[in-house]
Amino acid sequence: MPSYDLVVIGTGPGGYVCAIRAAQLGMKVAVVEKDQTFGGTCLNIGCIPSKGLLYASELFEEAGHKFAKLGIGVSKPTLDLAGMMKFKDEGVEGNVKGVAFLFKKNKIDTFMGVGRIAAPRRVEVKTHDGKTETIETKNIVIASGSDVARLKGIEIDEKRIVSSTGALVLGKVPENLLIIGAGVIGLELGSVWRRLGAKVHVIEFLDRILPGMDAEVARQFQRILEKQGMTFQLSSKVTAVDGSGAKLKAQVEPAAGGAAQTLETDVVLVAVGRVPYVGGLGVKEAGVALDNRGRIIVDAHFATNVPGIYAIGDVIAGPMLAHKAEDEGIAVAEILAGQAGHVNYDAIPNVIYTYPEVASVGKTEEELKAAGVTYNTGKFPFTANGRAKANMQTEGFVKILADAKTDRVLGVHIVGPDAGDMIAEAALAIEFGAAAEDIARTSHPHPTFTEAVKEAALAVAKRAIHI
Ligand SMILES: Cc1cc2nc3c(=O)[nH]c(=O)nc-3n(C[C@H](O)[C@H](O)[C@H](O)COP(=O)(O)OP(=O)(O)OC[C@H]3O[C@@H](n4cnc5c(N)ncnc54)[C@H](O)[C@@H]3O)c2cc1C
């Protein structure tokens, strides 16, 4: 029976990064993956394909609407959807193959099949050809990720009623796309299909979009999306979808209850979140404790209640983000090697890759108010940023929240071009315990969008220059 220091179950960003770090630290490592390819949700049906389609559809829209303003004459762009899907698939393939290469490079053994914890030190793999292999290991890291959350009574067929997975492979642009849920995934995929020609209508249970994000950011972002043509119906719920006719018929009711209306649409995207996935793992039999939302309970060292079994990523509490899973993968590998692995959950950025992008790190104004923390706000709009003006990309703003007593940066929220790249500076500032003054005194290259971050930091002390 093969024997290892560590077996990682799942090769998403949590699992594969954990395996590589453990191998770097000298452990004998194996991974188990039930799907045909490595990389998990993120690389196969999540971050990577969605970003490929967001990029391509953004250029399609720009070519149709913006190029003329820049003095570029092109004939009306035509959509080759199959070509765009191929472009997306090649991006996925490149990434997935990259993980396989890294496993080889780091001498990590791979087992393809469903991994089940047969005992604390034993994993059984049911391989795709029906065989069972047993592996012995000192430690197990569960990195089994998450699955789409479903709505009772609305059956996802991945053709007309789709989850994010089906929305990434639609064969034609729907005339009407109804999205249930105004979270990150719904708004990203909604943007893709709107740019390609669909009329996109978003129904959200709460009275705002992007629950959990800074409310001012969400309000401004909703206005921007509405200007782009997306429509929103807040405080509403879809209770049923009838697929018997040529058009889907969705029953929509006020969230608080009341008279229902029927909306006709071609495709419904169910984007109401994700749930932890523990299928086939045998966590119950192994005695691994779950919380009331089905997440594996871990301590500060990612250890479950069963000695030798750890868990990371979407299957445990915390934001369901690839980089959070990666950071936890590194931390647990280092802990297993006797080092001081650690994740700072106050400095995990969150990005929505629409146009403009939305990015945040640290606390929202609502969180600071609820915690009774006094803070100063520095805000700077892209209308006053030189590069944004030159590029005609002036929508949005940077907002910095700094502790009123110490000036320490507590939260940064950006709506604007390249916000997802710019937020890395803010994450670093929070990680290093920087003050707004530190950002304000740091030289930022001109002309760049990043100057808006510096100006927002100056604005914390009411001394922004360009406004
Ligand atoms: C459409 C979409 C877009 C997204 N975009 C972003 C983004 O832009 N940025 C971002 O940070 N996050 C994004 N996410 C979220 C991101 O994909 C997840 O947070 C991330 O993949 C979690 O990583 P993980 O390693 O915990 O799990 P996963 O990536 O879900 O990987 C888990 C792996 O475990 C395998 N597995 C499960 N059980 C077993 C078993 N018993 N035996 C063997 N293998 C098993 C699964 O097959 C899978 O490969 C997106 C998600 C979606 C759906």
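Just follow the structure's listing: the first ligand is 1, and inside any ligand the first atom is 1.
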Restricting to heavy atoms, the pick from Met320, Lys34, Gln36, His323 nearest atom 36 (N) of ligand 1 would be Lys34
Exercise. Let me see the working for Glu216 and Gln220 under side chain to side chain donor-acceptor pair (under 3.5 Å), right down to the final yes or no.
Key: CA-CA 6 Å; Glu216 184 185 16; Gln220 168 130 5; over 6 Å; no
- Are Ser164 and Ile45 side-chain neighbours, meaning at least one heavy-atom pair lies under 4.5 Å? no
Side chain to side chain contact (heavy atoms under 4.5 Å, CB included) with Ile9: of Val114, Val31, Ile117, Val141, only one passes, and it is Ile117
dist Asn139:CG -> Met27:CE (nearest 0.5 Å) comes out at 8.0 Å
Of all protein heavy atoms, the one nearest atom 34 (O) of ligand 1 is Gly10 CA, 3.1 Å
Atom 50 (C) of ligand 1 sits nearest the protein heavy atom Cys47 N, 3.9 Å
Restricting to heavy atoms, the pick from Gly115, Cys42, Gly39, Ala143 nearest atom 41 (N) of ligand 1 would be Gly115
Taking only non-hydrogen atoms of Pro13 and a 4.0 Å limit, the atoms of ligand 1 in range are 20 (C), 21 (O), 23 (O), 25 (O), 29 (O)
Closest heavy-atom pair, Val200 versus Gly190, reported as atoms and distance to 0.1 Å, is CG2-O, 3.6 Å
Polar contacts were defined as any N/O atom of the residue lying under 3.5 Å from an N/O atom of the ligand; does this apply to Ile45 and ligand 1? no
| query | How far apart are the C-alpha atoms of Glu61 and Lys66, what are their side-chain angles, what is the distance that settles it, and do they pass the salt bridge (charged side-chain N to carboxylate O under 4.0 Å, His left out) test? | reply | CA-CA 8 Å; Glu61 182 162 61; Lys66 196 171 170 190; over 6 Å; no
Atom 11 (O) of ligand 1: closest protein heavy atom, distance to 0.1 Å, is Ala322 N, 2.8 Å
among protein heavy atoms, the one nearest atom 46 (C) of ligand 1 is Glu33 OE2, 3.4 Å
In this structure, CG of Asp314 is separated from CZ of Arg295 (nearest 0.5 Å) by 11.0 Å
So is Pro319 close enough to ligand 1, meaning a heavy atom under 4.0 angstrom away? no
Looking only at protein heavy atoms, what sits closest to atom 29 (O) of ligand 1 is Thr41 N, 3.0 Å
Checklist line | Chi angles and distances behind the salt bridge (charged side-chain N to carboxylate O under 4.0 Å, His left out) call for Glu285, Arg116 | finding: CA-CA 10 Å; Glu285 297 77 357; Arg116 187 177 74 86; 5.9 Å; no
Looking at ligand 1, does any of its N/O atoms fall within less than 3.5 Å of an N/O of Asp314? yes
Between Ile423 and Pro349 the two heavy atoms that sit nearest each other are CG2-CB, 3.7 Å
The atoms of ligand 1 lying under 4.0 Å from a heavy atom of Gly313, numbered in the order shown, are 26 (O)
Is ligand 1 less than 4.0 angstrom away from at least one heavy atom of Pro49? no
Numbered in order shown, the ligand 1 atoms found under 4.0 Å of a heavy atom of Tyr353 are 8 (O)
Contact region, Tyr277 to ligand 1, non-hydrogen atoms below 4.0 Å, reads side chain
**Message:** Below 30° counts as parallel, above 60° as perpendicular, anything between as tilted: where do the rings of Tyr16 and Phe103 land?
**Reply:** perpendicular
Leu178/Ile180 under side-chain contact (heavy atoms from CB on, under 4.5 Å): CA gap, chis, key distance, verdict: CA-CA 7 Å; Leu178 187 145; Ile180 310 177; 3.9 Å; yes
- Would you say Ser164 and ligand 1 have an N/O pair spaced under 3.5 Å apart? no
Atom 27 (O) of ligand 1 has as its nearest protein heavy atom Gly145 CA, 3.1 Å
the protein heavy atom lying closest to atom 2 (C) of ligand 1 turns out to be Gly46 CA, 3.3 Å
Counting heavy atoms under 4.0 Å, the part of Ile185 that contacts ligand 1 is side chain
Residue, atom and distance of the protein heavy atom nearest atom 8 (O) of ligand 1 read Lys51 NZ, 2.7 Å
Geometric N/O contact Gly14 with ligand 1, under 3.5 angstrom: yes
dist Glu58:CD -> Arg195:CZ (nearest 0.5 Å) comes out at 5.0 Å
message: Any side-chain to backbone donor/acceptor pair from Asp266 onto Asn176? Under 3.5 Å, distance only.
response: yes
Short version for Arg274: what comes under 4.0 Å of ligand 1, heavy atoms counted, is side chain
